[in-house]
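The chain is numbered in sequence order, starting from 1. Since the structure is predicted, the reported quantities are computational estimates derived from the model, not experimental observations.
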Amino acid sequence: MCCKQLYISVYSFGCAVSMKMISYNHIPKSSILIVQHEISTLTFCKPLTPTILISNQYQKRINFITKLQCSVSSRPYASNSVDSKSDSVRMNRKQGGSSSIYSRASLLEMKNERIANRARVYDFLKSIGIEPDELDGLELPVTVDVMKERVDFLHTLGLTIEDINNYPLVLGCSVKKNMIPVLDFLGKLGVRRSTLTDFLRRYPQVLHASVVVDLAPVVKYLEGMDIKPNDIPRVLEKYPEVLGYKLEGTMSTSVAYLVGIGVARREIGGVLTRYPEILGMRVGRVIKPFVDYLESLGIPTLAVARLIETRPHILGFGLEQKVKPNVNSLKQFGVREASISSVIAQYPEIIGLDLGSRLLKQQSFLNSIIDFSHEDFGKIIEKMPQIVSLSNTPVIKHVDFLKNCGFSLDQVKKMVVGCPQLLALNMDIMKLNFDYFESKMGRELDELVDFPAFFTYGLESTIRPRHRMVAKKGLKCSLAWLLNCSDAKFEERMNYDTIDMEEMEDDSSFDMNTLMEPRNDGSDSDFDEDSDEEYL
């Protein structure tokens, strides 16, 4: 870079003024000053006398310098130098301008703009019936158009304004970043479109979830619990909340406890498939107190485990709200305390019903047909607790059938107390058995009164072949001795010369040991329903 220095000196009455001008022929960077002067204006000393005498030569020099200064000061600058910027900023601040992004006025304007945009979004939500009170602090779309897009998309999923008001935080979910990836994941799993609306109503938080971090690990865990792949979407449809649980928390402890009390490990998949809510139950607060209470009633731990294997939903019966009050109701209606465990083992659902009102209603109805005593009603429940859920029509039909067979009302009463199943058996089977009894067996009706369970046996599988074998041997025996035993035991009896009445088996009570036998049935899926519904 080359430059020239120009020194100009002015003398006036012993006062010297000098100015150095620097000019640049070439400027490589825009940040370098074009012109720099050490003395920007000419300074003159005051004369000693009011009269100033300047020679023509000096006057010409002064005029030349003045013209040069005016020319330099009026030259337009294109420089973006830091100093010129700083000067501009300072000037703007002094004048109250807001052209700089670093000025306080600009930040305030941006804040005011955000507040105004949010107010417009809130006004839109209020106009369609959504209360935005809970949305303060939540990141929302800047424009009304984007918010409208989210609301419309939620409507296409079947969610109503009421649903959104129940969980307004769903409006913080981006359609492209949150909702679509989650719905695509659920669709690939096999969640049906027809169940999606209810799915989202129960667990709208799923739309916030990360597929990789939150959802996929839960599905992998369910597969590890031996839930069949084709059953996993049904599990999620029944209990979508499972997608929000942590793997190392409640889910793992509840499964470990069930295995610990005797639930077979191979049955866990089926148990969770039929009642996945177990995965959200706390052992100390829900499962263990329930198991302990059933044990206190006389049901062995292993029997409780078998009940859970076959009917896992009983764990959802509230212990304090349902189970204990229902046990008290059974006692009030004549069930003996020693038989409570048998009643529950036969019909576990009884502890989850609105039992008090049902018992009262059923007792009144049965007494309107047959006058049962309080003790008789208790015995009926002990032998067939399902009576509390039996409708009136079949009861009336069966009582009428027995009357038409020639039994008196007192005999019918005795038969029902001895075998309450008579009120719920298949009517065609009862007719076939009675016709064979009357036409082929040559016995009195009183024998049926003494052994009404005769109607519960199959004619071709049991009654006919055994009757023929006894008749062939010429044995005279009661119906109970003939029928109330296993096939192996009956074959053994056929080798007897005489009938030992002490060998007659009593079927008046439920055998808890049969409940504790391990299950050996299985199926490809624990869901029997087939559906051709459209998937997501």
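- With respect to K220 and E223, no salt bridge is recorded, no charged nitrogen being found less than 4.0 Å from a carboxylate O.
- Between D435 and K440, no side-chain nitrogen of the basic residue sits less than 4.0 Å from a carboxylate oxygen of the acidic one, so the salt-bridge criterion is not met.
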I would like to know whether I380 and L423 meet side-chain contact (heavy atoms from CB on, under 4.5 Å); could you show each step before the answer? CA-CA 11 Å; I380 292 174; L423 300 178; 5.8 Å; no

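- Considering only residues two or more places apart in sequence or on other chains, F437 meets the ring-ring contact (aromatic ring centres under 6.0 Å, His included) condition with F454.
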Let me see the working for M281 and Y275 under side-chain contact (heavy atoms from CB on, under 4.5 Å), right down to the final yes or no. CA-CA 11 Å; M281 292 181 175; Y275 195 65; 3.5 Å; yes

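- Taking all atoms of both residues into account, the shortest heavy-atom contact from G298 to S341 is C-CB, 3.9 Å.
- How far CG of L200 is from CG of L183: 6.5 Å, rounded to the nearest 0.5 Å.
- A donor and an acceptor atom, one from each side chain of H313 and E277, are nowhere located under 3.5 Å apart.
- Side chains of R265 and D226 form a contact here, defined as non-hydrogen atoms less than 4.5 Å apart.
- One finds the CZ atom of F451 at 10.0 Å from the CG atom of L448 (value rounded to the nearest 0.5 Å).
- Counting heavy atoms from C-beta on, the side chains of E295 and I261 never come closer than 4.5 Å.
- Using a cut-off of 4.0 Å between Lys/Arg side-chain N and Asp/Glu carboxylate O, E375 and K379 are scored as not salt-bridged.
- In this structure, the side chains of L243 and D214 stay at 4.5 Å or more apart for every pair of heavy atoms.
- A donor atom on one side chain and an acceptor atom on the other are found under 3.5 Å apart for D163 and T160.
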Can you list, pair by pair, the side-chain donor-acceptor contacts under 3.5 Å of residues 351-360, counting residues two or more places apart and other chains?
{"unit_1": "D354", "atom_1": "OD1", "unit_2": "K322", "atom_2": "NZ", "d": "2.2"}
{"unit_1": "S357", "atom_1": "OG", "unit_2": "D354", "atom_2": "O", "d": "3.1"}
{"unit_1": "R358", "atom_1": "NH1", "unit_2": "S389", "atom_2": "OG", "d": "3.1"}

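- Remark: K288 fails to qualify as a cation-pi partner of Y257 under the 6.0 Å distance and 45° angle criteria applied to the six-membered ring.
- In terms of modelled atom types and a separation under 3.5 Å, the side chain of D184 and the main chain of I180 share no donor-acceptor contact.
- The line from CG of N433 to CD of E438 is 12.5 Å long, rounded to the nearest 0.5 Å.
- Contact check for I396 versus F365: side-chain heavy atoms found under the 4.5 Å cut-off.
- Taking all atoms of both residues into account, the shortest heavy-atom contact from P276 to V235 is CB-CG1, 3.6 Å.
- Side-chain contact between M251 and M225 is absent, with no heavy atoms from C-beta onward closer than 4.5 Å.
- Within a 6.0 Å radius of CZ in R443, other residues, nucleotides and ligands contribute more than 12 heavy atoms.
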In sequence, state the C-alpha distance, the side-chain angles, and the governing distance for S174 and E139, and then conclude on side-chain contact (heavy atoms from CB on, under 4.5 Å). CA-CA 10 Å; S174 168; E139 184 178 353; over 6 Å; no

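- For the side chain to side chain contact (heavy atoms under 4.5 Å, CB included) test with I268, the passing option among T273, I278, I227, V263 is V263; the others fail.
- Scanning both residues, V211 and F185, for their nearest heavy atoms gives CG1-CD1, 3.5 Å.
- Inter-residue side-chain proximity for T195 and L236 is flagged as unmet; no heavy-atom pair is nearer than 4.5 Å.
- Looking only at distances, a side-chain donor or acceptor of S486 sits under 3.5 Å from a matching main-chain atom of K489.
- Side chain of N165 to backbone of G129: a donor-acceptor contact under 3.5 angstrom is found.
- More than 12 heavy atoms of other residues, nucleotides or ligands sit less than 6.0 Å from atom NZ of K331.
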Walk me through it: do Y293 and V327 pass the test side-chain contact (heavy atoms from CB on, under 4.5 Å)? CA-CA 11 Å; Y293 181 71; V327 169; 3.7 Å; yes

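- R306 CZ to E267 CD: the interatomic distance, rounded to the nearest 0.5 Å, is 8.0 Å.
- The closest donor-acceptor contact from the side chain of R493 to the backbone of L482 lies at 3.5 Å or more, if one exists at all.
- Looking only at side-chain heavy atoms (C-beta outward), V399 and F407 stay at 4.5 Å or farther from each other.
- The two residues R202 and E237 come nearest to each other via the heavy atoms NH1-O, 4.0 Å.
- Closest of all the heavy-atom pairs between P348 and R311 is CG-CD, 3.6 Å.
- Using a 3.5 Å distance cut-off with no hydrogens or angles, the side chains of Y221 and Y245 do not pair a donor with an acceptor.
- Contact detail for G158 and T197: the closest heavy-atom pair is O-CG2, 3.4 Å.
- K413 places a side-chain N or O within 3.5 Å of a backbone atom of D371 that can act as its donor or acceptor partner.
- For the pair V255/L279, a side-chain contact is recorded, criterion being any heavy-atom separation below 4.5 Å from C-beta on.
- With hydrogens and angles ignored, the 3.5 Å screen pairs no side-chain donor or acceptor of Q421 with any backbone N or O of M384.
- With hydrogens and angles ignored, the 3.5 Å screen pairs a side-chain donor or acceptor of H398 with a backbone N or O of P394.
- A salt bridge between D410 and K414 is absent, with no side-chain N of the basic residue lying under 4.0 Å from a carboxylate O of the acidic one.
- Of the inter-residue distances, the one linking L196 atom CG with R193 atom CZ reads 7.5 Å to the nearest 0.5 angstrom.
- Here the CG atom belonging to L402 is positioned 5.0 Å from the CE atom belonging to M430, to the nearest 0.5 angstrom.
- A distance-only check finds no donor-acceptor pair linking the side chain of Q386 to the backbone of Y347 [under 3.5 Å].
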